[in-house]
2 protein chains.
Amino acid sequence: MEKFIEFVLQFGNLNKQQIDLIVRKASVVEFRKDEYYWEAGKIVRYIGFLTDGVIRVFYYNNKGEEITRYFIDENHLILSGNMVDEIYKPSEYLSAITDCKMIIFSKQDWKEILDTVIGWDSIIQKIVTRHHSEKISRRSELISQDGTERYLDFIQKFPTLVNRVPLSFIASYLGMTQSSLSRIRKNIL
Amino acid sequence: MEKFIEFVLQFGNLNKQQIDLIVRKASVVEFRKDEYYWEAGKIVRYIGFLTDGVIRVFYYNNKGEEITRYFIDENHLILSGNMVDEIYKPSEYLSAITDCKMIIFSKQDWKEILDTVIGWDSIIQKIVTRHHSEKISRRSELISQDGTERYLDFIQKFPTLVNRVPLSFIASYLGMTQSSLSRIRKNIL
DNA sequence: ATTGCTTTTTGCCATTTGGCAAATGGTTTT
DNA sequence: AAAACCATTTGCCAAATGGCAAAAAGCAAT
């Protein structure tokens, strides 16, 4: 829980009372490796904040292949589709890569916090904005790089993920087969 | 000029007086094919709205290759880097693919409009937000598609550009060589 | 240590794409 | 019409990646 408070306070100040109120509304959930946090098509009931573990976000393309969009690791807020415009689509699946621990708020409670805690909406707004600008990927850089370059970028950008995420998921994230990634990896050493 | 007013009014209402004020501040510029609208490293002096023509946005990667980030066509606002966070980077070049006509405002005038015309900032804010969400590219879709799929997407998404943009630029935008695109094109027919 | 299960690596070959240069086709200028 | 200048297509071969299956390595449970 401290992780969450600490995270939030980076984006604005809150007094003890406010923090207490938020903490009272929060619950802690754990789920195990390979459990879904949510599945495509289902209604999302929670706002979550991941405190431990790694989650994979993926979808199925028109050939039925599972494509990994990205990974979520510790200290990231997971807002549902209709709260942060279209970032998390209802067509996506979120599944735990490792055992996870998460703080969640029901949508009802979340709304109450928004109504009672002055400054909360501006904090969330800031988090969302930062999230947005992180997600505005530099399309052309990606597309004009070959597999090796994309992998090098990946390990540089997400050094903590490399050893916790199975190679097949990284390969899918990087848009190549796992054999190719295995070979690329070999050539880099 | 009408095009600009029409565009802006989609995002909010303005009265005659306000429109007049804006029109008085605006100037029309034309530039020819292959002229630069701006070059990397230079200070951008204007806010522009493209009424006719197509502009190409590109940069040089670390191998010195010219990479096309995207195209701007009619009815698009071009805000400079420090006004719309980092969308237009000072490391980018904007060059006309066809003869262009553009409405421009000096930064000074633009500020004055922001200060005097009530509702102007909210209109601009909406435009920027829309721009943002258009630019949040679906990274994984792109990267997991092969050349043919990317080209088919392109002609579907920008049907008006296909015949006005040289093949080499489209190829660069799609992250492939122009020979490859030429072959892909041939196979599609 | 052995077994069973999962992940990663490797081999083999097909397909795609890149790199480069020449040929072709189109457009503009004179 | 001819010449000059581009843009596009094509040919040739090399490099990168995909597809598939088997082998190897890693890990967990007994």
Side-chain angles (χ1 to χ4, degrees), chain A residues 32-35 53-54 56 58 60-68 71 95-99 139-155 158 161-189, chain B residues 32-35 53-56 58 60-68 71 95-99 139-155 161-189:
Chain A
R32 296 189 169 273
K33 196 177 156 179
D34 296 331
E35 281 181 359
V54 183
R56 175 175 67 107
F58 68 95
Y60 291 94
N61 70 8
N62 50 26
K63 292 173 214 135
E65 297 157 335
E66 219 175 65
I67 310 282
T68 299
F71 305 102
S95 155
I97 287 185
T98 64
D99 291 353
R139 181 191 173 289
S140 55
E141 273 86 342
L142 280 175
I143 219 174
S144 67
Q145 284 174 327
D146 66 21
T148 306
E149 292 168 323
R150 293 205 300 279
Y151 179 65
L152 289 173
D153 267 16
F154 177 80
I155 57 182
F158 307 107
L161 288 181
V162 182
N163 301 310
R164 298 200 286 168
V165 176
L167 176 130
S168 60
F169 295 153
I170 297 179
S172 159
Y173 175 77
L174 295 176
M176 61 182 84
T177 61
Q178 84 174 39
S179 331
S180 293
L181 181 51
S182 177
R183 290 187 183 106
I184 284 171
R185 213 182 225 178
K186 184 175 149 196
N187 288 331
I188 286 173
L189 302 180
Chain B
R32 297 191 168 272
K33 194 175 158 181
D34 296 330
E35 281 180 358
V54 183
I55 287 177
R56 175 174 67 107
F58 67 96
Y60 292 94
N61 69 9
N62 50 25
K63 292 173 213 134
E65 298 157 334
E66 220 175 65
I67 310 281
T68 300
F71 305 102
S95 155
I97 286 185
T98 65
D99 292 353
R139 182 191 175 289
S140 54
E141 272 85 341
L142 279 175
I143 219 174
S144 67
Q145 286 174 327
D146 65 23
T148 306
E149 292 169 322
R150 293 205 300 277
Y151 179 65
L152 289 174
D153 267 16
F154 178 80
I155 57 182
L161 287 182
V162 182
N163 301 310
R164 299 200 286 169
V165 176
L167 176 130
S168 61
F169 295 153
I170 297 179
S172 158
Y173 174 77
L174 294 176
M176 62 181 84
T177 61
Q178 85 174 39
S179 332
S180 293
L181 181 52
S182 177
R183 290 185 184 108
I184 284 170
R185 213 182 224 178
K186 185 176 152 197
N187 287 330
I188 286 173
L189 301 180

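The shown structure was predicted, so the numbers you read here are calculated from the model rather than taken from an experiment. Chain letters run A, B, ... following the sequence lines, proteins first, then strands; residues in each count from 1.
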Taking the minimum atom-to-atom distance to the side chain of [X], which one of [options] wins?
| X | options | answer |
| --- | --- | --- |
| A:Q178 | D:dC20, D:dT8, C:dT8 | C:dT8 |
| A:L167 | C:dT8, C:dG19, D:dG18 | C:dT8 |
| A:R185 | C:dT8, D:dT10, D:dC20 | C:dT8 |
| A:S180 | D:dG18, C:dT9, D:dT10 | D:dG18 |
| B:I184 | D:dG19, C:dT17, D:dT8 | C:dT17 |
| B:M176 | C:dG18, D:dG18, D:dG11 | C:dG18 |
| B:R183 | D:dG18, C:dT8, C:dG18 | C:dG18 |

B:K186 or B:K33, whichever maps to the more 5' nucleotide of DNA chain D: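 Counting from the 5' end, the first nearest nucleotide belongs to B:K33.
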In whole Å, I'd like the distance from the [atom1] atom of [X] to the [atom2] atom of [N].
| X | N | atom1 | atom2 | value |
| --- | --- | --- | --- | --- |
| A:R32 | D:dA28 | CZ | P | 14 Å |
| B:E149 | C:dT15 | CD | C1' | 14 Å |
| A:Q145 | D:dT17 | CD | P | 12 Å |
| B:K63 | C:dG18 | NZ | C1' | 11 Å |
| A:D146 | D:dA14 | CG | P | 20 Å |
| B:R150 | C:dT16 | CZ | C1' | 11 Å |
| B:I67 | C:dG18 | CD1 | P | 11 Å |
| A:N163 | D:dC27 | CG | P | 12 Å |

CA sep, side-chain torsions, deciding dist, call: A:L142, B:L142, side-chain contact (heavy atoms from CB on, under 4.5 Å): CA-CA 9 Å; A:L142 280 175; B:L142 279 175; 5.7 Å; no
A:E141/A:D153 under side-chain contact (heavy atoms from CB on, under 4.5 Å): CA gap, chis, key distance, verdict: CA-CA 10 Å; A:E141 273 86 342; A:D153 267 16; over 6 Å; no
Sugar-phosphate only, base, or nothing, as touched by A:S168 at under 4.0 Å among non-hydrogen atoms: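 Contact class for A:S168: sugar-phosphate only.
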Touch class at under 4.0 angstrom, heavy-atom based, for A:T148 against every strand present: nothing
Rounded distance (nearest 0.5 Å) linking atom OH of B:Y60 with atom CD of B:E65: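 Nearest 0.5 Å value for the OH-CD distance: 11.5 Å.
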Cation-pi geometry met for A:R150 and A:Y173 (6.0 Å, 45°): no
Centroid-centroid under 6.0 Å between A:F71 and A:F158 rings: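 Between A:F158 and A:F71, which both carry aromatic rings, the centre distance is not below 6.0 Å.
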